[in-house]
Amino acid sequence: METAQVMDAALRKAAALWVAVPGRRGRLVWALWRDGSVWVAVGGDQEVPGLADGQPVTITVRSPTTHSFLLETPAVAHLVEPDGDVEAALRAARLNGPATWTGVYRLDLP
């Protein structure tokens, strides 16, 4: 199955994945799959130490039902200003509390 299909299927059921910056342990984060990229809001209760604009990262996705490994893929983080639709979707993806953030990153897959 193609990477985009795996991401789409997994993130429709559970909007969470692991993001790792080189040399650091991966962090479980709320995320949004949209327009072929992963969108991650950071700040407040969700941090990814070392994440910066242009930073290469590794994304790990697990099955939302069995928690088994589905995919690990490289990506590049880009600090962005989300449009209204992306911002609303990020707020909706935060199932466990208010959506507060200091930055939004679009993680582009190769």
W39 vs L90, test: side-chain contact (heavy atoms from CB on, under 4.5 Å). Steps then yes/no. CA-CA 8 Å; W39 297 74; L90 282 166; 4.1 Å; yes
Between L107 and V76, is the side-chain contact (heavy atoms from CB on, under 4.5 Å) condition met? List the steps. CA-CA 5 Å; L107 308 181; V76 177; over 6 Å; no
Could you please spell out the steps behind the side-chain contact (heavy atoms from CB on, under 4.5 Å) verdict for H78 and D108? CA-CA 8 Å; H78 299 282; D108 293 330; 3.0 Å; yes
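Minimum heavy-atom separation, A77 to L51: CB-CD1, 3.5 Å. Residue L109 comes nearest to A75 through the heavy atom pair CD2-CB, 4.0 Å, listed as atom of the first residue, atom of the second, then distance. When every heavy atom of V42 is checked against every heavy atom of W101, the shortest pair comes out as O-CB, 3.2 Å. In this structure, L17 and T60 approach most closely via the heavy-atom pair CB-O, 3.5 Å. Between A20 and G26, the shortest heavy-atom contact is CB-CA, 3.6 Å. In this structure, W30 and Q46 approach most closely via the heavy-atom pair N-OE1, 2.7 Å.
At least one side-chain heavy atom of P74 sits under 4.5 Å from a side-chain heavy atom of P110. Side-chain atoms of E72 and I59, non-hydrogen and from C-beta on, never get closer than 4.5 Å to each other. The shortest distance between side-chain heavy atoms of L79 and V104 does not fall below 4.5 Å.
In terms of hydrophobic clustering, with Ile, Leu, Val, Met, Phe, Trp and Tyr side chains grouped at heavy-atom distances under 4.5 Å, L28 and V61 are assigned to different clusters.
If you take CZ on R106 and CG on L32, they are separated by 12.5 Å, rounding to the nearest 0.5 Å.
Geometric assessment of R62 against the ring of W18 yields a positive cation-pi assignment under the 6.0 Å and 45° thresholds.
Annotation: side-chain hydrogen bond (donor to acceptor under 3.5 Å, both in side chains) contacts involving residues 79-89, sequence neighbours excluded, comprise E87-R91.
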